[in-house]
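A short worksheet on the structure shown next.
All of these numbers come straight from a predicted model, not from anything done at the bench. So you know, we letter chains A, B, ... as the sequences are listed, proteins then strands, and number each from 1.
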Amino acid sequence: MPVIFATDLIVYILFAGAFYFMLAVRKEGMLKEAWKDVKKRRLAMVCLSVLAAYSIVALADSIRWRDPIRNESGRPALSPSGGYIYSAEALSILDRALSRIRLENEKTYSAPLSSHLYVKESIELPDGRVAREYPPLRYPGAHILGTDKVGNDILYIALKGVRTGMVIGAGTTIVIIPFAIFFGVIAGYYGGLIDDIVQYLYTTLASIPGVLLIVAFMLLFGSSGYQGGLIRQSDLVLQAFVPNDRLFWLCLILGVTSWTDLCRLIRGETLKLRELEYVQASRAFGVSRRGIIYRHIVPNLMHLILITFVLQFSGLVLAEAILSYIGIGVGPQMWSWGNMINTARLELSMEPVVWWNLLASFVFMFGLVLPANIFGDAVRDALDPRLRFK
Amino acid sequence: MDIPVLEVKDLKTYFRTQRGIAKAVDGVSFSIPEGSTFALVGESGCGKSLTALSIIQLVPGPSGFQAGGEILLKGRPITRLTEHGKREIRGNKVSMIFQEPMTSLNPVFTVGYQTAETIRLHRKKSAAEARAAAIEMFGKVGLPEPQALFDEYPHRLSGGMRQRVMIAMALACKPDLLIADEPTTALDVTIQDQIIRLIKELKDSMKMAVLLITHNLALVYRNAENVCVMYAGKVAEMTSTDELFRNPMHPYTVKLLRSMPGYEKRGLMLDTIPGSVPPATNYPVGCRFAGRCPREMAGCATIKPALAERAAGHFVSCHLHDSSFMSKPCSKPIMCEPDKVPPAPALNAIKKPLLDVRNLKTYYTVRKGLFKRVKGYVRAVDGIDLSVRKGMTLALVGESGCGKTTAGKSIIRLIRPDSGEIVFNGENIASLGERALRPMRSRAQIIFQDPYSSLNPRMMIKDAIEEGLKTLKPDLDRAARLDKTARVLERVGLAPEMMHRYPHEFSGGQRQRIGIARALAVDPEFIICDEAVSALDVSVQAQILNLLKSIQRESGISYLFITHDLAVVEYIADEIAVMYMGKIVERGTTDAVFSNPVHNYTKKLLSAIPTLPPGMSWKLPGKM
């Protein structure tokens, strides 16, 4: 029985967009030229493959379903009314693929690739004496990145964090961009009263401290519904679509609080473009305002949007970590790099230091943010016809 | 005094680029004696400005570097000085004034502070002494109330005053050499004249040497003792100004002189130079003018001409004057352009009026305060009357800020005028709505000044030209539109295959042609040329003016030529309207206005333009 969260839709939209561009670059035109140019840059292509790997992990973690519970004889258990009884857990493709490391838990901390736990325990020796020793692991050498406090495999946790990071980064930007383009362009191009209203709107929004808005919003919407971890049977019996998803609300509120910067940039750029001679020439042909915005204004804003997309994406992946750290980010049960860093804070003050949790989240975050930046730059350069021929 | 103020010996300034070494300045030598003005002329991209920057040791790094040569300032070599030593020279021994007075002053400091700073730095004076010296300098450059002006911020001054401040700043330390890089290009004609005179006076009273960099040959004629024509990083010709204008020996110089528009050339086509300056990374092996030269010989493309004295004090770098070269078989001519400019075909102007503007007013509202109440108006266009006849050219002249561009845009309704009538083909279009304006849109078009911002960088040429067709001629199908696009491109002298390129692949002149093609695509009867040739080099300007003229002859289009360049007006306009502070102060035929200006402002304007004396004509060197 499939279960779809609101945030899954964001991942699907991201993939649909990527698929659309894949089709678009096959056709003749500017995008094909740009793609050829990007293909020539080896570093960009490496980054693209890294991003693709991340995306596939995120997608694999966004398709999930609940299995029917089976009774001892192996047949599905039936409810009194005759329907199947489903397990409380909706496992994604990723969970299923990683079921080995997902299920091979240890008792507590163990360092990467070690054969013993990281914490001494009292062990009863065969001769009856009790000694403080490092007990052997149940699955020695199986945990490439070690295990956390309750013995979960860190690699698994970090991979689960990929989806959270991607959703926060991409989802929020998907919220931001249409808002910012729409308001920025109409404010800049039409001017007058519309400009005043839009400016009023974003100055008001910008003058409220972002964290305050986020806290208020998350308390209102984010405290109920799906927090991550197990799907609770009571709430979600037979529910296939879960709109009330804390992560989704987080994307939404981060989007609402951060569209103003891009909007301001776009408004300024539009003001400049509006007076340019090619726009005037277009007006002299009697082209409608909508046509001018579509053909002359928006394409010339693309570099701004792309830069902002990449910067925001990186910034938001990091913002998630900060918000989770102060307790208003994703739910505590949801695997995320922010939560990993939050727990690492205490682990770092332990003696001996438990460092692999922080290292894993750092490496995974870095591995997403850096290629996103490099690839974004390459795409921007490729899309700029002025740079392409230099 | 035997030692010249500046001596440049075999200066080479190169740039590392992705396409190899760009030899922007490639072996230039000259010297400037005390108290004289030396002019560097040439088209853009020929290395004049970089020569100046090399002299002041400010070549933009890290890609730019000095590849060789020596610069002697009063006999003292400066190229190998430390950065500290160079700083002591800049602004002190050598000063520079730039083209753009609006951006060369720092807006957050007062002009007095900025001027005094230079004095304090170089003269080790106290703040009070520096202040006094700065105020004295302000007086010298003719700024009113220097005392009060000291504490003004740059934005409170007009362009001319700012340029005066720049000059005061440059001269504050009484330099030996003043470099003026296009000092008047960004200024209005009347102010240009004042600034040039000021530089000349100060040069005489302070006994400086001046290096004047400009593309305006008339300015050179009036102001410089010696002149050097640069082409593609090298000296093409160097001699005294009188000699150069009397007897230009390099074909490039002759071509340049003949491409200048002016009253005497009415009725003639302007001479043009085909092609464009070769890129600095890829010069021809032999003479750099080979390929564009009207007198090219078999050996020109492979044998380098030497810069040699071919007449008393007249240095030319051209094989035509080299007798040993001319006696060899490599002197077989391969280009032999007739030494005559074809006459412009006569216009069959139909004297019927096409456009009649009556009492047109366009105001800008000034809004202030929290609630943006209207606090006043800027009367950009304050009741003007104009009329343009079919197949004729009306020039609307005036200085920047007089409202001429606003007037132009109001006439084709890019701006909604506040009152007045615009009768176009018998119909008043002043207050029509956008939909009702459609039929007019295809009949009246506009060409802009800046070839770089007049085309959308993200649109192919084809799409830019088709845009108008799609809106105004929706009944044309795809094939018909493509066909039309190809035809207009051919009409403006571009290959139809170029339609699939993007704007940045074209040079400035080509872009201007595309702008013209775009306007022509919808078959207009009337085109407004808003400073359409002002941003172009002389030779390119000549090509565009020729093109506009021949289009007019073929299709009977009328032009409204908005410009501040009176040489162009003299050449192309049938009638003139002079605009001053939102009003037309004088109207008449070109002949009448130029020979007998009535209004004071017109007189001032006409007397301010640097002109060459009448009767000058130049012949290409070599035999026919």
For a quick test of reading the model, state the closest non-hydrogen atom pair linking B/P457 to A/N300 and the distance between them.
CG-OD1, 3.5 Å
Pick whichever of B/G468, B/S454, B/G515 has the most heavy-atom pairs under 4.5 Å with chain A.
B/S454
Okay, B/L437 and chain A: the region with an atom under 4.5 Å from a heavy atom over there is neither
Atom group of B/R435 that falls short of 4.5 Å from chain A, counting heavy atoms:
neither
Counting a contact as any heavy-atom pair under 4.5 Å apart, which residues of residues 272-280 of chain A contact chain B?
A/L276, A/E277, A/Y278, A/Q280
Just how far is it from atom CZ of A/R283 to atom CZ of B/R413, taken to the nearest 0.5 Å?
9.5 Å
When rounded to the nearest 0.5 angstrom, what distance separates CD in B/E466 from CZ in A/F285?
11.5 Å
Heaviest contributor of heavy-atom pairs below 4.5 Å to chain A, chosen from B/D530, B/I447, B/D450, B/I446, is B/D450
Tabulate, in ascending numerical order, the residues of residues 174-202 of chain A having at least one heavy atom closer than 4.5 Å to a heavy atom of chain B, or enter 'none'.
A/D196
Holding to salt bridge (Lys or Arg N to Asp or Glu O under 4.0 Å), I want the full list of residues that pass it with B/K470, two or more places apart in sequence or in another chain.
none
Contacts of A/R295 meeting salt bridge (Lys or Arg N to Asp or Glu O under 4.0 Å) (sequence neighbours excluded), chain-then-number -> B/E467
Atom NZ of B/K23: over 12 foreign heavy atoms under 6.0 Å
no
Closest contact, heavy atoms only, B/R441 versus A/A284:
CD-O, 2.9 Å
Over all atoms of both residues, closest heavy-atom pair of A/S288 and B/R438:
N-NH2, 4.5 Å
